[in-house]
2 protein chains.
Amino acid sequence: MNIGGAARASGVSERMIRHYEKIGLVPAPARRGSGYRDYGEDDVHRLRFIANARDLGFDTGEIGALLALWSDRGRASSEVKALALARAEELGRKARRLEEMRRSLLHLADECRGDERPDCPILRGLAD
Amino acid sequence: MNIGGAARASGVSERMIRHYEKIGLVPAPARRGSGYRDYGEDDVHRLRFIANARDLGFDTGEIGALLALWSDRGRASSEVKALALARAEELGRKARRLEEMRRSLLHLADECRGDERPDCPILRGLAD
DNA sequence: TTGCACCCTGACATCGTGTCAAGGTCAAGC
DNA sequence: GCTTGACCTTGACACGATGTCAGGGTGCAA
């Protein structure tokens with residue numbers, strides 16, 4: 001399978017497939033005589049794993065760790081669970097931070113009449 | 001005031017002050033004979049405004065718009081309010097997305113024993 | 001005068017991703 | 001066999017916000 005097919009099958013863009021290859025997240029595939037990359041089902045599977053992990057907010061370092069665990073038949077599930085829980089914790093922190101910013105903004109907006117007059121507590125709040 | 005003083009007074013790093021100057025978010029300040037940038041209170045005030053807006057998650061484009069409204073004595077507060085509400089809405093979307101990712105992860109982790117055995121539904125979930 | 005803290009510009013790095021350019025390859029249809 | 005269009009190759013530039021480093025100039029105090 002060419003890179004375009006692997007991209008369609010995995011949901012990872014060609015650009016990112018080449019990128020993941022460069023940073024070592026996926027192995028360099030075999031090349032045809034033409035120089036074209038040649039992917040198999042295993043490669044696509046690995047790419048889909050990466051796409052899923054990325055969609056869950058893991059960064060490339062964490063994905064690398066997960067892939068290593070995934071390929072390691074002897075790993076303990078506790079390692080994976082620890083990674084997942086740490087990631088969940090961080091996601092929770094980020095979500096709370098965003099929610100806090102949102103409340104601050106809504107609070108400011110609440111006090112703003114939103115009419116034709118220039119007076120606006122939002123700008124005053126930002127200027128403090 | 002030199003750039004270091006402005007940085008300390010505003011909470012914006014020297015690096016970012018120069019950056020904001022380059023992209024036009026703050027005016028180029030006067031220079032001393034030595035070439036040193038020379039800042040006044042107004043500059044610091046503007047930088048603090050930027051720091052606050054940035055902390056609320058506005059990107060530089062939005063901050064530029066807010067600054068223009070801030071400096072415009074005749075603006076209608078409705079414009080500012082619209083920007084703030086749109087930003088709040090986007091923050092809410094992001095927070096919900098993070099929360100959703102977090103729940104997915106916790107759900108996977110919940111089904112994982114987290115012991116010495118290699119069997120792990122988290123990895124199986126990622127591989128789908 | 002010496003030394004230290006400060007300033008200047010410019011460049012490179014990060015991270016994930018897009019896009020473009022210049023060129024090679026392949027398969028289908030004529 | 002040749003043309004055409006879709007696909008592949010590498011490399012480079014870009015974003016946005018920020019850090020850091022290098023090489024050199026300035027200002028002030030002891």
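Values reported hereafter were calculated over all heavy atoms of this structure, with side chains retained and with hydrogens, waters and symmetry mates removed. Lettering follows sequence order; numbering is per chain, from 1.
Within the 3.5 Å criterion, the main-chain N or O of B:G40 finds a donor-acceptor partner in the side chain of B:D43. Remark: side-chain polar atoms of B:D59 are paired, donor with acceptor, to backbone N or O of B:E62 under 3.5 angstrom.
Nucleotides of DNA chain C nearest to B:G35 and A:G61 differ in position, and the one nearer the 5' end is that of B:G35. Taking for each of B:T60 and B:Y36 the nucleotide of DNA chain D with the nearest heavy atom, the 5'-most of the two is the partner of B:T60. Residues B:D59 and A:R8 both approach DNA chain D. Their nearest nucleotides, taken by heavy-atom distance, put A:R8 toward the 5′ side.
Note that the first and last nucleotides of DNA chain C, 5' to 3', having any atom under 4.0 angstrom from a heavy atom of chain B are C:dC6 to C:dT9. Running 5' to 3' along DNA chain D, contacts with non-hydrogen atoms of chain B at under 4.0 Å begin and end at D:dA17 to D:dG27.
Here the side chains of A:L105 and B:L91 are in contact, with some heavy-atom distance below 4.5 Å. Under the 4.5 Å side-chain criterion, counting only non-hydrogen atoms from C-beta, B:F58 is in contact with B:R87.
Using a 4.0 Å cut-off between charged side-chain N and carboxylate O, A:E89 and A:R93 make a salt bridge. A salt bridge does not link B:R102 to A:E90: none of the charged nitrogens lies less than 4.0 Å from a carboxylate oxygen. Between B:R18 and B:E14, at least one side-chain nitrogen of the basic residue sits less than 4.0 Å from a carboxylate oxygen of the acidic one, meeting the salt-bridge criterion.
Here the shortest heavy-atom pairing between A:A109 and B:A84 reads CB-CB, 4.5 Å. Closest non-hydrogen pair, B:Y20 versus B:R54, comes out as OH-CD, 3.6 Å.
Near-neighbour residues of DNA chain C inside residues 9-32 of chain B, defined by a heavy atom below 4.0 Å, number-ordered: B:E14, B:R18, B:R31.
Side-chain contact annotation: B:E111 with B:H107, donor-acceptor N/O pair under 3.5 Å present.
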